[in-house]
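Contents: one structure, followed by commentary.
Below, all heavy atoms of this structure are taken into account, side chains as well, without hydrogens, waters or symmetry copies. Labels below follow one simple rule: chain letters A, B, ... track the order of the sequence lines, proteins then strands, and each chain is numbered from 1. This one's a predicted model, so the numbers in the text were calculated from it and none came from an experiment.
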Number of protein chains: 2
Amino acid sequence: MPTNDTREAIMNVARLMVQANGYNALSFREVAAAVGVKSASVHYHFPTKGDLGAALARRYTEELTDHLDGLKSQPDNGEKWAQYYTDVFRTPLMNDNRMCMAGIMAAEHSDLPTEVRAEVNRFMDANVRWLSEVLSKQRPGAEAETIQRQALAIFAAIEGAQLIARGRGDVAAFDQSIEAYRASGLLP
Amino acid sequence: MPTNDTREAIMNVARLMVQANGYNALSFREVAAAVGVKSASVHYHFPTKGDLGAALARRYTEELTDHLDGLKSQPDNGEKWAQYYTDVFRTPLMNDNRMCMAGIMAAEHSDLPTEVRAEVNRFMDANVRWLSEVLSKQRPGAEAETIQRQALAIFAAIEGAQLIARGRGDVAAFDQSIEAYRASGLLP
DNA sequence: ACCTGAACACCGTTCAAGT
DNA sequence: ACCTGAACACCGTTCAAGT
């Protein structure tokens, strides 16, 4: 039952545009042209640009959460999770040098409508929470605060590797950074 | 001898605007209003927005290079350099949640005029080069490739910590990430 | 040498009007 | 319920015109 065809089409093209160029570069007129309607129609589905941005970020978080929860339910595969997790952030780079939507939006932070900002925070929290769970399974003795700090650091470091690799337009920079994180022990 | 007063004023206000909101959000009309001229005058000094962006990034790299070279010439202070270096990226966060200009521009990568992109790359190279020098002094035996990889990873991780802290609007996230980098051995 | 006003095609947003 | 054309104040850019 394909309810809301136009709405779906809008979200799909807008998502790619944000990951390619950021929230600021997202244009209602470009979205409309790609979908085959007029920009006023986009406003019918998403009254403001902030509404569209927030909807995109919310869906993005949901998709990641589903994906990560899927990994968690698999038989305990030791340190393979680190590989799977970093791959999540490697994929968009391979796809036309795109970025994690939350990463690129974090850079635009002070320019963002508050409802978009809130969704970006939610994405970050979901990542740190998932990483904390996995880490605490690996090191049952460690303090919750230490775990939490390392989870945040892993997330920050991977986002940074993606940011720098994108800035250079070179996935190899991402791979080298991840490799160094592993060598230092930041990543298992 | 204050040659080019207007040009200087333009660069000073534009720099703050970019670090606050990114290249995309930089507006010639806003810059002009802040300086007290018309936007057409800004175009007289910087024909295109790309010219202004590239000039800002170039100066930004020069200032960082001077600062880092100053640190290098000081008597060898063991591991203090890591503190000094991370402070460079902590400072803009404290200053109205601003970001490293290269970091925020890296996020806007595919939207950037090529001349701006080139300057962003130059900034990254300058950082990796400086970090490599410092690291190789500390570990005279290590391979050049390993040093280079760790230098890149340190830069990426610190940029990531800044990005995430900015996204949360909370410097504590930066400090916690740096602390975890240190605990893991990524940072000395 | 430096600045300006006016024009151009863009942008998000609004709204009355269409089906 | 969904879409549109037209208008508004914004944007970078250009250029002839001023001093």
Worksheet item: Is D:dG18 paired to anything, Watson-Crick or G-U wobble with both distances less than 3.5 Å, and if yes, which nucleotide?
Response: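 Checking every strand shown, D:dG18 finds its partner in C:dC2, with both distances under 3.5 Å.
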Item to complete: Using both distances under 3.5 Å as the test, list the Watson-Crick or G-U wobble partner of D:dG12, or none.
Response: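 Answer to the pairing question: C:dC8, which forms a Watson-Crick or G-U pair with D:dG12.
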Would you kindly give the [atom1]-to-[atom2] distance between [X] and [N], to the nearest whole Å?
| X | N | atom1 | atom2 | answer |
| --- | --- | --- | --- | --- |
| B:H43 | C:dC8 | NE2 | C1' | 13 Å |
| A:N24 | C:dC10 | CG | P | 20 Å |
| B:F28 | D:dC10 | CZ | C1' | 16 Å |
| A:I10 | D:dC3 | CD1 | C1' | 11 Å |
| A:D5 | D:dA1 | CG | C1' | 14 Å |
| B:R7 | C:dC3 | CZ | P | 12 Å |
| A:D111 | C:dC11 | CG | P | 17 Å |
| A:F46 | D:dC3 | CZ | C1' | 15 Å |

Practice prompt. Please work out if B:S41 contacts a base, only the sugar-phosphate, or nothing of the nucleic acid, heavy-atom cut-off 4.0 Å.
Written response: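 Base: the residue B:S41, judged by heavy atoms under 4.0 Å, touches a nucleobase.
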Worksheet item: If you look at every strand shown and take non-hydrogen atoms under 4.0 Å, does A:Y44 touch a base, only sugar-phosphate, or nothing?
Response: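 Here A:Y44 touches the bases of the nucleic acid.
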Any idea which of [options] is nearest the [X] side chain?
| X | options | value |
| --- | --- | --- |
| A:K49 | D:dT4, C:dT13, D:dG12 | C:dT13 |
| B:R29 | C:dA7, C:dT13, D:dT14 | C:dA7 |
| B:S39 | D:dT13, D:dA1, C:dC3 | D:dT13 |

Worksheet item: Relative to each other, are the rings of B:F28 and B:H43 parallel, tilted or perpendicular (30° and 60° limits)?
Response: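 B:F28 vs B:H43 ring planes: tilted.
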Fill in: Shortest non-hydrogen contact between B:L71 and B:Y84, atoms and distance
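Of all heavy-atom pairs spanning B:L71 and B:Y84, the closest is CD1-CB, 3.6 Å.
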Discussion item. Is a donor from one side chain sitting under 3.5 angstrom from an acceptor on the other, for B:R139 and B:Q150?
Written reply: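 Note: B:R139 and B:Q150 side chains meet the donor-acceptor criterion.
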Discussion item. My understanding is that only one of A:E115, A:E119, A:E63 makes a salt bridge (Lys or Arg N to Asp or Glu O under 4.0 Å) with A:R58; could you say which?
Written reply: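 Among A:E115, A:E119, A:E63, the one meeting salt bridge (Lys or Arg N to Asp or Glu O under 4.0 Å) with A:R58 is A:E119.
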Worksheet item: On DNA chain C, nearest-nucleotide positions of A:A40 versus A:L26: which is more 5'?
Response: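 Final value for this comparison: A:L26.
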Discussion item. Tell me whether the side-chain N/O atoms of B:H45 come closer than 4.0 Å to OP1 or OP2 in C:dC3.
Written reply: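 Yes, within the criterion.
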Practice prompt. Determine: side-chain N/O of B:T6 to OP1/OP2 of C:dC2, distance under 4.0 Å, yes or no.
Written response: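 False: B:T6 side-chain N/O out of range (4.0 Å or more) of C:dC2 OP1/OP2.
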Worksheet item: Okay, side chain of A:D170, backbone of A:R166: is any donor-acceptor separation there less than 3.5 Å?
Response: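 No, because the side chain of A:D170 does not come within donor-acceptor range (under 3.5 Å) of the backbone of A:R166.
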